[in-house]
Amino acid sequence: MTLTTEPLPGLADEPRPGSRAARMLIPLAANVVKDMAAEYGVCLRPVGLRRTDLATGQTEIIDVPCGATREDKCPPCAKRARRLRKTQIREGWHRTDEPAPGPQPATEGQRALISLRAHLEHYRDQAVRASEWDQVEEIDDAIREVEEAIATEGLRGTVAPPHRVDHVTEPKRQRSTRRRQDAPALPRQKVQPRTVGRVYTAPDGTEYRPSMWLTVTLDSYGPVRPDGSPVDPTTYDYRRAALDAIAFPRLLDRFWQNLRRCVGWNVQYAGCVEPQRRLAPHAHFAIRGTLPRAVLREVAAATYHQVWWPKIDAPTCRPVWDSDAETWCDAETGLPLTTWDEALDAIDADPDAEPAHVIRFGTHVHAEGVTADDKNVDRTIGYITKYITKSAADCHAITTDRQRDHLERFWQELRVIPCSDRCANWLLYGIQPKKAHGKLRPGNCKGRVHQRSTLGIGGRRILVSRDWSGKTLADHRYDARAWVRALLGASAGVDQVPVVDEPEPGTPVPVAWELARPNDPDMPPMRHRLLRALAQRIQWRNALNAAKDRAAQYDGNTTEATDNHGVKG
């Protein structure tokens with residue numbers, strides 16, 4: 001007799017009521033709260049701050065967003081950060097005026113303080129020449145008081161470096177600025193103080209000022225498959241790929257410096273660094289104004305960055321810490337390892353010394369023109385900021401064994417490559433890093449470039465030039481809040497807008513802020529805080545949607561009045 005395992009008709013799709021399978025289909029209340037909070041943009045990891053009124057002694061817990069920029073930590077905050085970056089790129093991309101105005105002229109009070117500071121410098125020089133050191137000390141005290149008054153008056157920066165330095169600064173090593181013989185020469189012009197692009201005139205007389213977006217990549221390390229894995233892992237140059245990933249931000253800085261000197265004006269850019277499928281970093285940039293594609297390719301081909309480090313061949317040293325001598329030694333010979341200064345002195349003394357590594361761009365340089373009214377502007381901005389909320393290792397899905405093996409080999413190479421002059425990995429190559437101590441762990445540097453999630457891109461994934469939009473991220477956040485307040489105020493009426501009494505300038509605010517800990521007795525549970533924030537965000541969104549509807553109706557009535565009377569009412 002053969003037993004059949006065929007399910008009975010009508011009973012295969014629904015689990016038995018009351019069974020574990022039926023209970024697992026019911027959503028968890030805690031997950032629903034988190035999902036709704038993420039849907040309405042509520043931070044899932046709020047930071048609790050305790051606000052204490054110093055006049056009354058009353059305290060309250062105020063939650064502020066965590067400000068994470070990665071989706072695996074807090075998706076709402078990461079999406080908010082991405083929207084902010086997209087706004088920053090959009091506002092600075094097609095500007096027709098200079099974003100950074102010049103400073104205002106100094107006031108009479110500021111000029112008087114500078115004049116007093118100049119007289120004190122003159123009197124100090126006379127006292128030093130006459131060896132009147134008691135007078136020098138008195139003048140130094142007066143100089144400090146004047147410089148404090150200058151800072152209080154509102155001038156930026158310092159007037160002059162201090163005369164007495166408490167710490168001894170190490171002399172900076174000078175390297176030759178002569179270009180390499182194997183690098184093409186570039187024209188060099190004086191950079192004009194303008195940041196906007198060229199204006200073009202169409203045959204019909206229309207003037208327009210287009211801009212560009214640019215993609216630059218690194219060189220090849222060996223043939224790869226469409227999924228990014230190498231065709232032959234044994235010949236793939238993982239060492240050069242790891243060094244290029246670490247030095248890629250320096251190469252980008254050199255590229256923009258060379259480009260500005262080549263074209264003769266202050267080119268502005270905003271972009272993002274992300275890994276390709278082969279795990280090598282590349283960069284997408286929005287450029288204000290237009291440049292010839294031939295010039296971009298020429299500058300990319302002529303740009304390089306030299307890493308003047310001791311030679312990095314293969315980690316062969318087994319270092320041990322000598323607590324008596326307080327130095328690192330070779331476990332086999334017992335001799336102290338070469339110090340960092342000694343290694344650099346050997347490079348300086350060798351007239352035939354070569355840099356440890358030279359990084360260059362690859363041949364792929366893609367550039368396209370974009371106008372302000374182009375329908376692809378938003379899509380291009382979305383393409384530039386596509387992966388800024390993801391870690392470098394999560395930008396591309398790893399689905400095959402070849403991709404996993406490629407990631408593992410690349411990461412293993414990154415683990416033992418030195419990342420800076422203080423990296424503990426230098427001990428593996430027989431060199432003590434700068435300011436070495438006994439707590440270093442060779443092969444386990446805490447630098448971000450060695451982490452598996454960064455793929456060598458330890459920081460500076462978002463690169464924005466100084467004069468891009470003329471605003472900082474804090475300014476863009478303020479503009480967004482001001483727009484919401486203006487929309488709600490215009491729709492609800494001035495009388496309904498809450499007015500907050502602000503203290504007079506120069507009056508200290510009688511409140512104190514401190515970080516609240518999760519185990520403090522006045523700290524509510526996380527779910528209570530999320531529910532409160534969710535309710536508040538729902539009310540805000542409903543009010544904002546209603547304000548948008550009223551504003552749309554107002555615009556419709558205004559348009560109708562304009563059409564009927566020819567004057568905007």
Side-chain angles (χ1 to χ4, degrees), residues 172-188 214-224 230 235-262 273 275-276 278-283 295-315 340 343-365 410 413-414 416-423 425-426 428-431 433-434 447 449-450 455-460 463:
K172 186 177 180 180
R173 296 180 182 269
Q174 301 293 332
R175 300 293 180 188
S176 174
T177 58
R178 178 183 298 179
R179 289 186 60 82
R180 295 177 60 90
Q181 297 300 319
D182 55 356
L186 282 174
R188 183 166 181 173
L214 172 70
T215 299
V216 290
T217 60
L218 288 174
D219 199 3
S220 174
Y221 311 108
V224 295
T235 60
Y236 194 83
D237 197 346
Y238 283 100
R239 172 59 58 90
R240 188 162 64 92
L243 288 171
D244 282 357
I246 295 175
F248 189 59
R250 298 291 184 89
L251 182 66
L252 292 176
D253 292 342
R254 185 68 63 183
F255 171 77
W256 293 114
Q257 182 183 24
N258 290 341
L259 183 63
R260 288 167 174 168
R261 291 175 177 176
C262 182
V273 178
Q276 296 176 289
R278 58 174 180 149
L279 306 183
H282 69 153
V295 172
L296 293 172
R297 296 189 183 97
E298 181 183 1
V299 173
T303 299
Y304 62 90
H305 174 68
Q306 300 181 119
V307 181
W308 286 97
W309 281 349
K311 290 295 183 181
I312 306 173
D313 296 327
W340 181 255
L344 294 187
D345 291 340
I347 297 176
D348 296 340
D350 186 4
D352 299 327
E354 294 289 335
H357 180 65
V358 180
I359 177 176
R360 305 175 189 269
F361 286 111
T363 57
H364 178 71
V365 178
F410 185 54
E413 195 67 39
L414 281 171
V416 297
I417 289 291
C419 62
S420 65
D421 53 0
R422 300 187 182 185
C423 181
N425 290 343
W426 282 114
L428 301 175
Y429 301 88
I431 298 175
K434 189 176 182 179
V449 299
H450 303 295
L455 299 180
I457 312 174
R460 300 183 60 192
L463 305 176

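Here the structure is a predicted model, which means the values were calculated and not measured.
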Name every donor-acceptor pair, under 3.5 Å, that has one atom in a side chain of residues 240-248 and the other anywhere in the protein, sequence neighbours excluded.
unit_1: R240; atom_1: NE; unit_2: D237; atom_2: OD2; d: 3.3
unit_1: R240; atom_1: NH2; unit_2: S220; atom_2: O; d: 2.7
unit_1: D244; atom_1: OD1; unit_2: H357; atom_2: NE2; d: 2.5
unit_1: D244; atom_1: OD2; unit_2: Y221; atom_2: OH; d: 2.8

From [atom1] ([X]) to [atom2] ([Y]), nearest 0.5 Å:
X	Y	atom1	atom2	result
L428	I417	CG	CD1	10.0 Å
L259	E298	CG	CD	10.5 Å
D253	H305	CG	NE2	9.0 Å
R260	R188	CZ	CZ	14.0 Å
F255	L296	CZ	CG	5.5 Å
R297	F361	CZ	CZ	14.5 Å

If you define the side chain from C-beta out and look only at heavy atoms, does anything of V299 sit under 4.5 Å from W256?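 A side-chain contact under 4.5 Å is absent here.
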Heavy-atom check, side chain of H450 versus side chain of N425, under 4.5 Å: yes
Backbone N/O of S420 and side chain of W309: donor-acceptor pair under 3.5 Å: no
Return yes if some donor-acceptor pair links the side-chain N/O of R239 with the main-chain N/O of D313 below 3.5 Å, else return no. yes
Which heavy atom in [X] sits nearest to a heavy atom in [Y], and how many Å separate them?
X	Y	result
C423	P418	SG-CA, 3.8 Å
P355	Q306	CG-OE1, 3.7 Å
K434	R422	O-CG, 3.6 Å
A302	N258	O-ND2, 4.5 Å
W308	I347	CE3-CG2, 3.9 Å
T303	R254	CG2-CG, 3.7 Å

Hey, mind stepping through R261 and L186 against side chain to side chain contact (heavy atoms under 4.5 Å, CB included) and telling me if it holds? CA-CA 9 Å; R261 291 175 177 176; L186 282 174; over 6 Å; no
CA sep, side-chain torsions, deciding dist, call: R180, D182, salt bridge (charged side-chain N to carboxylate O under 4.0 Å, His left out): CA-CA 5 Å; R180 295 177 60 90; D182 55 356; 3.1 Å; yes
Inspect the surroundings of CZ in R179 and state if more than 12 heavy atoms from other residues, nucleotides or ligands are less than 6.0 Å away. yes
My understanding is that only residues two or more places apart in sequence, or in another chain, count here; which of them pass ring pair (Phe, Tyr, Trp, His ring centres under 6.0 Å) with Y238?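 For Y238 the ring pair (Phe, Tyr, Trp, His ring centres under 6.0 Å) partners, ignoring immediate neighbours, are Y236, H406.
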Verdict with reasoning, L414 to V449, per side chain to side chain contact (heavy atoms under 4.5 Å, CB included): CA-CA 7 Å; L414 281 171; V449 299; 5.7 Å; no
Residue pair R360, D219: steps toward the side chain to side chain contact (heavy atoms under 4.5 Å, CB included) verdict: CA-CA 7 Å; R360 305 175 189 269; D219 199 3; 5.9 Å; no
Test side chain to side chain contact (heavy atoms under 4.5 Å, CB included) on L344 and W340; report intermediate values, then the result. CA-CA 6 Å; L344 294 187; W340 181 255; 3.3 Å; yes
